[in-house]
Amino acid sequence: MITTAKRLDTVEEYYFSSKLREVRQLQSEGKSIINMGIGSPDLSPSKAVIEAVAAAILDENGHGYQSYQGLPELRKGMADFYQNQFGVELNPNNEILPLMGSKEGIMHISLAFLNEGDHVLIPNPGYPTYTSVTNLVGAVPVYYDLKEANAWEPDFEALEKLDLSKVKIMWLGYPHMPTGARGSLALFEKLVAFAKKHNILLVNDNPYSFVLNDNPMSLLQVDGAKEVALELNSLSKTFNMAGWRVGMVLGNPEIIDAVLKVKSNMDSGMFYGIQKGAIAALNCDKSWFEDQNKIYRRRRELTEKLAEKLGCEVYKEGVGLFVWAKLPEGIASAEKFIDEILYEKHIFITPGTIFGSNGEGYIRFSLCVKEEKVQEAIDRF
C-alpha cells in the first residue's frame, strides 16, 4: 500500500470540486440546476483576443517552449495596463512575472518565502486557497478578522495584539472576495506601514478591480509599497478568460526573482497563442469595461431581488463578481440553508462558511449567470 504524503492530511478537497460533483449528480437525474455558486465568467473575450489567438496558431514559431518570463511584449502590455489603469510604473523586464493564473502565484510565493513553521496572516473570511497552500508548505495559518461592522477591513489594534514575531506573509485581496468590500488607498497605506513595521511580505490578490467598480485601485499605488509588497492580478474576470489561465505577479525585482526561481522549476512557459491573446486583451479600451459592467449591473439588480426574496440582507456596497448577503435571523447554518435550496429549488448558492468562520450567517451569489436564468431562479420561489 503506497501511503500519501503527510502534507495531504493538512488539506481537504476544494469545496467546489466536491460540491460540483453533487450538482452534476442532480443534473444527471434530470434536475435543471441553476448554478449561482461559481465565479467563472460566462461571457466571451473580445473579438480582438480571439483573432490574435487564431493568427498566432498559424505562426510556425509559436509551438515550441516559451520563455519562463513570458514574451517581452506581454510584460510590456502588463506594464502599460498598470500605468494606464492605476498610474503605477513598473519595469517590464524585472518587476513583472506572467503566471498561468494568479492562483498558481499563491503557491509560488509561498514556496519562495515560507519555511516550515513560519506564520501567515490570512483574512477571515477570505479565499480558501490561502489556507490550503499555507498548510501544504508546512507553515501556520493565523487568521485576522474581517467583519461587516468594520466594513470588512482589518482591525489594526487587534492585529498589533497578535504575536507577529514569526509572521512572514500577509494575504489580502481588495476588492474583497467574497464580500465585495472595496478597500481604499487609505487602508492600503496603513497596511504597507504595518508590513514595514513588522517586516512582513504583503500580498494583495487583485482580480476583481474592474467589475462594477468605478474606482479601481492597486496596492502598488502606495508610495514605498514595492519595498514590502507584491500584487497578484489576473485576466480571468476582467477579460472573461478564466480558462486561459493568465495572471501576473508584480513587485520589486528581488522578490520577483525569488518567485521566478520556483516557477521556472514547475512549468516550461505559457503557450504562445495564449500570450498573444492576453496582449490583445490588455489593449482593450474603456468601452470594454463599460459594456461588461452594463451586463453585470443588470444581473446584480436581479440577483439582489433573489436574495431579498430569500429574506436576506444584501451588502449593497459590494463590488466585483458576487453578491454577498446576510441570512435571515434564526438561520443556524449557511450550509444547511443552501442545501435545502439546492435540493428543493435546484439552485446552487455558495455558503459563506467556506471562506472562514466569519462567513457563517452569509451566502454568496455569483453574477456569472444570464439574466433569464436569474429571473427563473426568482420565479422558482
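Bear in mind that the values here come from a model prediction, so they are computed numbers and not experimental data.
- Two residues are said to be in side-chain contact when any heavy atoms from C-beta on lie closer than 4.5 Å; Lys305 and Gln375 fail this criterion.
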- Task: For salt bridge (charged side-chain N to carboxylate O under 4.0 Å, His left out), just list the numbers for Arg300 and Glu304, CA-CA rounded to whole Å, side-chain angles, deciding distance to a tenth of an Å, and then say yes or no.
- Result: CA-CA 6 Å; Arg300 182 171 179 106; Glu304 288 184 358; 2.9 Å; yes
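- Within the 6.0 Å centre-distance limit, the rings of Tyr208 and Phe322 are counted as a close aromatic pair.
- No more than 12 heavy-atom neighbours from other residues, nucleotides or ligands sit within 6.0 angstrom of CG on Asp223.
- Two residues are said to be in side-chain contact when any heavy atoms from C-beta on lie closer than 4.5 Å; Val249 and Lys263 fail this criterion.
- The distance between the ring centers of Tyr362 and Trp152 falls below 6.0 angstrom.
- The shortest side-chain heavy-atom distance between Gln25 and Lys31 does not fall under the 4.5 Å cut-off.
- Under the side chain to side chain contact (heavy atoms under 4.5 Å, CB included) test applied with Ile349, the options Asp339, Val323, Leu310 reduce to a single match, Leu310.
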- Check against side chain to side chain donor-acceptor pair (under 3.5 Å), Tyr82 and Glu95: CA-CA 12 Å; Tyr82 257 68; Glu95 293 185 325; over 6 Å; no
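- Below 30°, between 30° and 60°, or above 60°: for Tyr130 and Tyr127 the angle between ring planes is above 60°, a perpendicular geometry.
- Atom CG of Asn199 has 12 or fewer heavy atoms from other residues, nucleotides or ligands within 6.0 Å.
- A ring-ring contact (aromatic ring centres under 6.0 Å, His included) with Phe210 is found for exactly one of Phe239, Phe289, Tyr296, namely Phe289.
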- Could you please spell out the steps behind the side chain to side chain donor-acceptor pair (under 3.5 Å) verdict for Asn240 and Gln292? CA-CA 10 Å; Asn240 303 328; Gln292 297 297 295; 2.8 Å; yes
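- Taking 4.5 Å as the limit, some side-chain heavy atom of Leu342 sits within range of a side-chain heavy atom of Ile33.
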- Quick one: do Glu340 and Lys345 satisfy salt bridge (charged side-chain N to carboxylate O under 4.0 Å, His left out)? Show the steps, please. CA-CA 8 Å; Glu340 287 175 356; Lys345 301 296 184 181; over 6 Å; no
- Message: Could you walk me through whether Arg182 and Glu317 satisfy the salt bridge (charged side-chain N to carboxylate O under 4.0 Å, His left out) test, starting with their C-alpha distance in whole Å, then the side-chain angles of each, then the deciding distance to 0.1 Å, before giving a yes or no?
- Response: CA-CA 8 Å; Arg182 297 167 185 261; Glu317 291 77 16; over 6 Å; no
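- Side chains of Phe355 and Thr350 form a contact here, defined as non-hydrogen atoms less than 4.5 Å apart.
- Of the charged side-chain nitrogens involved, at least one lies within less than 4.0 Å of a carboxylate oxygen, so that Glu308 and Lys316 count as a salt-bridged pair.
- For the residue pair Glu160 and His198, a side-chain donor N or O sits within less than 3.5 Å of a side-chain acceptor on the partner.
- With respect to Glu157 and Lys161, no salt bridge is recorded, no charged nitrogen being found less than 4.0 Å from a carboxylate O.
- Taking 4.0 Å as the cut-off between side-chain N and carboxylate O, Arg245 and Glu104 do not count as a salt-bridged pair.
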- Query: For Ser209 and Asn206, what are the C-alpha separation, side-chain angles and deciding distance, and is it a side chain to side chain donor-acceptor pair (under 3.5 Å)?
  - Reply: CA-CA 6 Å; Ser209 278; Asn206 190 18; 2.5 Å; yes
- Verdict with supporting geometry, Lys370 and Glu372, salt bridge (charged side-chain N to carboxylate O under 4.0 Å, His left out): CA-CA 6 Å; Lys370 290 180 172 52; Glu372 56 266 29; over 6 Å; no
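- No side-chain heavy atom of Ile169 sits under 4.5 Å from any side-chain heavy atom of Leu121.
- In this structure the side chain of Val246 never reaches within 4.5 angstrom of the side chain of Pro98, judged on heavy atoms.
- Here the side chain of Glu231 pairs a donor or acceptor atom with the backbone of Leu219 at under 3.5 angstrom.
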- Task: Walk me through it: do Ile341 and Phe381 pass the test side-chain contact (heavy atoms from CB on, under 4.5 Å)?
- Result: CA-CA 10 Å; Ile341 292 173; Phe381 290 92; 4.0 Å; yes
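- Using a 4.0 Å cut-off between charged nitrogen and carboxylate oxygen, Arg299 and Asp42 count as a salt-bridge pair.
- Contact annotation: the side chain of Asp80 never approaches that of Leu282 to less than 4.5 Å [non-hydrogen atoms, C-beta and beyond].
- Residues Lys76 and Glu73 are not paired through a salt bridge, judged by the lack of any N-O separation under 4.0 Å between the basic side chain and the carboxylate.
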- Output, in order, the C-alpha distance, side-chain angles, deciding distance and verdict of side-chain contact (heavy atoms from CB on, under 4.5 Å) for Leu260 and Tyr68. CA-CA 8 Å; Leu260 177 60; Tyr68 299 108; 4.1 Å; yes
- Message: With side-chain contact (heavy atoms from CB on, under 4.5 Å) as the criterion, how do Lys190 and Ser184 come out once you've worked through the C-alpha distance, each side chain's angles and the decisive distance to 0.1 Å?
- Response: CA-CA 10 Å; Lys190 289 173 73 175; Ser184 66; over 6 Å; no
- Query: Thr353 and Glu360: side chain to side chain donor-acceptor pair (under 3.5 Å), yes or no, with the steps?
  - Reply: CA-CA 5 Å; Thr353 45; Glu360 184 61 272; 5.2 Å; no
